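Encoded as structure tokens, the structure appears first; notes follow it.
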Amino acid sequence: KPDEPYMTLIVKAIMSTADHRMVLADIYLWLMDYSPYYRLTKSSWKNSVRHNLSVNECFVKSERARNGRGFFWTVHPACVQLFQDGDYSRRSARAAIQ
DNA sequence: TTGTGTTTATGACGGA
DNA sequence: TCCGTCATAAACACAA
């Protein structure tokens with residue numbers, strides 16, 4: 001239901017932390033806090049979140065999470081300024097990386 | 001076994 | 001019409 005694409009929301013979630021890194025489970029929580037859509041609907045959107053993390057080059061894995069599962073997810077260093085300026089377009093992100 | 005991550009496929013949609 | 005973007009589904013491997 002939210003009009004913003006997953007890539008934008010995931011970027012906002014990760015960039016909302018002080019160290020710009022977040023574990024998958026916390027990205028879930030951030031989204032559920034962001035919109036009731038993710039709170040109320042059955043979890044096909046979690047599949048989409050994982051798909052976006054893998055597919056979009058702007059998301060890079062950091063160290064493995066010690067307590068929980070998986071890795072810390074961060075944004076590509078070349079995209080940080082772009083995102084801070086509010087440009088979440090996939091085209092711009094890819095251009096910044098290449 | 002469960003959660004996490006990768007990958008492929010498919011369809012809708014809008015712009016050039 | 002072709003191309004890029006986005007969403008959704010689903011199969012699979014892997015680690016805790």
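Only a predicted model underlies this, so the values are computations on that prediction, with no experimental measurement involved. Every chain is numbered from 1 and lettered A, B, ... according to where its sequence line falls, protein lines coming before strand lines.
- Whole-Å rounding puts the A/E4 CD to C/dT5 P distance at 18 Å.
- Put simply, CG on A/L53 is 10 Å from C1' on B/dT4, counting in whole angstrom units.
- Rounded to whole Å, atom C1' of C/dG4 lies 22 Å from atom OH of A/Y88.
- Rounded to a whole Å, the CZ atom of A/R90 is 19 Å from the P atom of B/dG15.
- Nearest nucleotide to the A/R64 side chain, out of C/dA16, C/dA7, B/dT6: C/dA16.
- Across B/dG5, C/dT5, C/dT8, the shortest atom-to-atom separation from the side chain of A/R50 is found for B/dG5.
- When heavy atoms are screened at a 4.0 angstrom cut-off, A/R69 is found touching base atoms of the nucleic acid.
- Counted by atom type alone, A/Y34 and A/R39 present zero donor-acceptor pairs between their side chains at under 3.5 Å.
- The interatomic distance linking A/F72 (CZ) with B/dT4 (C1') rounds to 14 Å, in whole Å.
- With DNA chain B read from its 5' end, the first of the two nearest nucleotides for A/G70 and A/V55 is the one closest to A/G70.
- Within 3.5 Å, no donor on the side chain of A/N52 pairs with an acceptor on the base of C/dA7, nor the reverse.
- Counting only heavy atoms from C-beta on, A/N47 has its side chain closest to C/dA10 among B/dT4, B/dG5, C/dA10.
- A donor-acceptor contact shorter than 3.5 Å is absent between the side chain of A/T8 and the backbone of A/E4.
- The side chain of A/R94 lies closest to C/dT5 when the candidates are C/dT5, C/dC6, B/dT8.
- Relative to the ring axis of A/F72, A/K61 does not place its NZ or CZ within 45° and under 6.0 Å from the centre.
- Ranked by how close their nearest DNA chain B nucleotide is to the 5' end, A/A25 and A/H51 are led by A/A25.
- One finds no side-chain N or O of A/W73 lying less than 4.0 angstrom from the OP1 or OP2 phosphate oxygen of B/dT4.
- For the pair A/K46 and B/dT4, the criterion of a side-chain N or O lying under 4.0 Å from OP1 or OP2 is not met.
- Atom P of nucleotide B/dT6 and atom CZ of A/F71 are separated by 8 Å, given to the nearest angstrom.
- The shortest non-hydrogen separation linking A/I14 to A/T17 is O-OG1, 2.8 Å.
- Of the side-chain N and O atoms in A/Y6, one or more sit less than 4.0 angstrom from OP1 or OP2 of C/dT8.
- Atom P of nucleotide C/dT5 and atom CG of A/N56 are separated by 10 Å, given to the nearest angstrom.
- Backbone-only engagement by A/Y28 is indicated by non-hydrogen atom pairs under 4.0 Å involving sugar-phosphate atoms exclusively.
- Distances from the side chain of A/P5 to the nucleotides B/dT4, C/dC6, C/dT8 place C/dC6 closest.
- Phosphate contact (OP1/OP2 of C/dA9, side-chain N/O of A/S44, threshold under 4.0 Å): present.
- Separation of the A/W73 and A/F59 ring centroids does not fall under the 6.0 Å cut-off.
- Distance, A/W45 CH2 to C/dA10 C1': 18 Å, rounded to whole Å.
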